[in-house]
2 protein chains.
Amino acid sequence: MTLDDIDAHIVRLLRADGRMSNADLAEAVGLSASACLRRVRLLERGGVIRGYTAIVETPGPAERLVVLTQITLDRQTEEFLNRFEAAVRRCPEIIDCYLMTGLSDYVLKIEVRNAAEYERLHKEVLSRLPGVARIQSSFAIRTVVSGRPGPL
Amino acid sequence: MTLDDIDAHIVRLLRADGRMSNADLAEAVGLSASACLRRVRLLERGGVIRGYTAIVETPGPAERLVVLTQITLDRQTEEFLNRFEAAVRRCPEIIDCYLMTGLSDYVLKIEVRNAAEYERLHKEVLSRLPGVARIQSSFAIRTVVSGRPGPL
DNA sequence: AGTGAAAGATATCGGAC
DNA sequence: GTCCGATATCTTTCACT
């Protein structure tokens with residue numbers, strides 16, 4: 001999908017304020033409300049805008065444990081990668097997952113409520129993934145910043 | 001600020017859909033629209049809900065480079081930590097920053113447009129931080145999942 | 001691609017219970 | 001906390017360019 005300048009402007013504004021009204025948005029980008037809304041819907045249906053969310057300081061009533069997990073694969077066929085990544089996408093505790101340079105290493109950022117939940121995740125999900133050679137977990141003592149939107 | 005069950009429910013729903021209408025929200029949590037809106041405003045003004053944002057696949061027109069950077073400190077006085085973290089908060093390219101178990105290691109997730117921008121960030125920000133002993137950067141080849149909201 | 005009008009839905013207030 | 005009413009604003013569709 002290709003974005004023109006107006007689309008980029010819309011995306012920028014909606015990243016800055018996801019609850020901006022379509023009317024304000026239209027005025028800011030110099031379109032009529034209907035034309036603007038059509039673009040927003042296309043961006044949503046085209047997968048550029050995946051959704052909207054509230055930015056919350058304490059995501060739940062309970063504490064969160066952040067675990068950074070490095071997973072090394074010993075098999076790297078496309079089928080294994082696809083199955084691995086499909087499983088990752090199905091696991092909501094996995095916040096981020098990146099395929100890193102170097103070897104076939106994935107780095108995962110995982111959020112769970114407590115150590116027991118991580119143990120469950122480790123046993124029932126991570127260790128059962130196909131082609132996994134090694135799993136190495138590091139725990140966060142403290143969150144300095146998290147999930148920021150990045151530069152606008 | 002203390003959240004009761006209804007507040008937690010509101011937060012959960014607004015994290016799942018930041019553009020949910022107040023009428024739907026009120027119905028879902030079992031309150032009248034006015035009572036619900038009052039709670040939402042209190043959550044916003046009390047800093048629990050910091051804002052709303054669109055979840056975007058390609059935040060800008062350009063590609064993004066994701067770098068995971070591990071920073072080892074050689075001094076760990078509170079003053080150094082505070083100065084380090086204040087600098088981190090001032091840098092919008094830093095998406096996540098965690099203090100990890102083990103040594104005085106911070107892990108940063110950084111998003112930049114290209115390698116040149118990372119080099120600039122490395123030179124002008126990271127390497128100038130106080131008390132830094134070592135900086136180790138790993139680059140992401142591919143993003144499997146990123147910035148998901150976590151389990152609801 | 002864009003505009004503009006019209007209908008229905010929503011937000012947001014004030015006040016009463 | 002609830003409900004109700006009033007008003008302004010917004011969303012959404014439709015017809016048209």
query: Between atom CD1 in A:I6 and atom P in C:dA1, what is the gap in whole Å?
result: 11 Å
message: For a quick check of understanding: with a heavy-atom distance under 4.0 Å over all strands, which category does B:A23 fall into, base, sugar-phosphate or nothing?
response: sugar-phosphate
- request: Write down the distance between CG (A:N22) and P (C:dA9), rounded to a whole number of angstrom.
  value: 18 Å
- request: Evaluate the criterion salt bridge (Lys or Arg N to Asp or Glu O under 4.0 Å) for residue pair A:R12 and A:D17; output intermediate values, then yes/no.
  value: CA-CA 9 Å; A:R12 218 176 328 122; A:D17 178 8; over 6 Å; no
query: Does C:dT3 have OP1 or OP2 sitting under 4.0 Å from an N or O in the side chain of A:S34?
result: no
- prompt: How long is the line joining CG of B:D7 and P of D:dG1, in whole Å?
  reply: 8 Å
query: Rounding to a whole Å, what distance do you find between B:L42:CG and D:dG1:C1'?
result: 13 Å
message: Can you work out whether A:D24 or A:R38 has the more 5'-proximal nearest nucleotide on DNA chain D?
response: A:D24
field: For atom CD of B:E27 and atom P of D:dC3, their distance in whole Å
entry: 12 Å
- prompt: Any donor-acceptor pair under 3.5 Å between the side chain of B:S32 and the base of D:dG1?
  reply: no
query: Can you tell me if the side-chain N/O atoms of A:R41 get under 4.0 Å from OP1 or OP2 in D:dT12?
result: yes
- request: May I ask whether A:I135 and A:L108 are part of the same hydrophobic cluster, defined by side-chain heavy atoms of I, L, V, M, F, W, Y residues being less than 4.5 angstrom apart, directly or through others?
  value: yes
message: Can you tell me how far apart CG (A:L65) and CZ (A:R113) are? Round to the nearest 0.5 Å.
response: 12.0 Å
- line: Sorted by position of nearest nucleotide on DNA chain C, 5' first, the leading residue of B:M20 and A:A33 is A:A33
query: Can A:Y106 and A:F84 be said to form a ring pair (Phe, Tyr, Trp, His ring centres under 6.0 Å), step by step?
result: CA-CA 10 Å; A:Y106 286 95; A:F84 178 86; 4.3 Å; yes
